[in-house]
Amino acid sequence: MTGKQVRVLGAALAGLVLLTAPATLAMPRYRLIAAHQLGYDRDDPLWELSRTVMPCTTCHLRPQGGQGWNAFGDSLRAGFRAEPGAKFADVLYSVLKADADADGDGYPDALEFYARTLPGDPQSHPAKPVAQLQAEFEKAGGMAQYAPKK
């Protein structure tokens, strides 16, 4: 191959990588739904490509997701068992309305989402006291703000 052919081939491969990157980096569908439902999409125009908007560790034990669920992920799985065939957004809302504290850190799961901490990780919890955070949450719309978008 000549130098020119190598450059053309390299440019074509680089273009192919750039064209497929958004699909490769995009969040799985259920994370997209949750991020939108919880309002995580409001502050970042590239939220659909960001793994920090709603990390896998929201529900999984490992940063890359896959097998192994944390306490909040187990709550969602139990919600699906209780409501077979339900849509993800409805199950998420039901789990949050239960006002449970999956990770046992003293903050209900809905408040953890409001504060942008991880409801399945006891080491990740809001810095504000529960009462103050609850008041802010209610002022912002309370649980109704997490109702499934129709």
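As a basis for the values below, the full set of heavy atoms in this structure was taken, side chains included, without hydrogen atoms, waters or symmetry mates. Small disclaimer: the values here were computed from a predicted structure and weren't measured.
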List in chain and number order the residues that pass side chain to side chain contact (heavy atoms under 4.5 Å, CB included) with [X], two or more places apart in sequence or in another chain; answer none if no residue qualifies.
| X | value |
| --- | --- |
| Lys87 | Asp90 |
| Ala98 | none |
| Arg77 | Trp69, Asp74, Arg81 |
| Ala89 | Ile33, Gln37, Pro148 |

So do the side chains of [X] and [Y] get within less than 4.5 Å of each other, counting heavy atoms only?
| X | Y | result |
| --- | --- | --- |
| Leu133 | Tyr107 | yes |
| Phe72 | Thr57 | no |
| Pro55 | Leu118 | yes |
| Leu76 | Cys59 | yes |
| Tyr114 | Leu38 | no |
| Met143 | Tyr93 | yes |

More than 12 foreign heavy atoms under 6.0 Å from CD of Gln64: is that the case here?
yes
Please list all pairs meeting salt bridge (charged side-chain N to carboxylate O under 4.0 Å, His left out) that have one or both residues in [range], counting only residues at least two apart or in different chains.
| range | value |
| --- | --- |
| residues 125-134 | Lys128-Glu136 |
| residues 138-149 | none |
| residues 97-126 | none |

Can you see which heavy atom on [X] is nearest to which on [Y], and at what distance?
| X | Y | value |
| --- | --- | --- |
| Asp41 | His36 | OD2-ND1, 2.6 Å |
| Ala35 | Val53 | CB-CG1, 4.2 Å |
| Pro45 | Asp43 | CD-O, 4.1 Å |
| Gly65 | Cys56 | N-CB, 3.5 Å |
| Ala102 | Ala71 | O-CB, 3.2 Å |
| Gly106 | Pro108 | O-CD, 4.0 Å |

Residues two or more places apart in sequence or in another chain: which of them pass side chain to side chain donor-acceptor pair (under 3.5 Å) with [X]?
| X | answer |
| --- | --- |
| Asp44 | none |
| Ser124 | none |
| Ser94 | Glu83 |
| His125 | none |

What distance separates Leu32 CG from Glu48 CD, expressed to the nearest 0.5 Å?
5.5 Å
Could you tell me which residues satisfy ring-ring contact (aromatic ring centres under 6.0 Å, His included) with Tyr146, sequence neighbours excluded, listed by chain and number?
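ring-ring contact (aromatic ring centres under 6.0 Å, His included) check on Tyr146 returns Phe137.
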Without swapping roles, check the side chain of Arg62 against the backbone of Gly68 for a donor-acceptor pair under 3.5 Å.
no
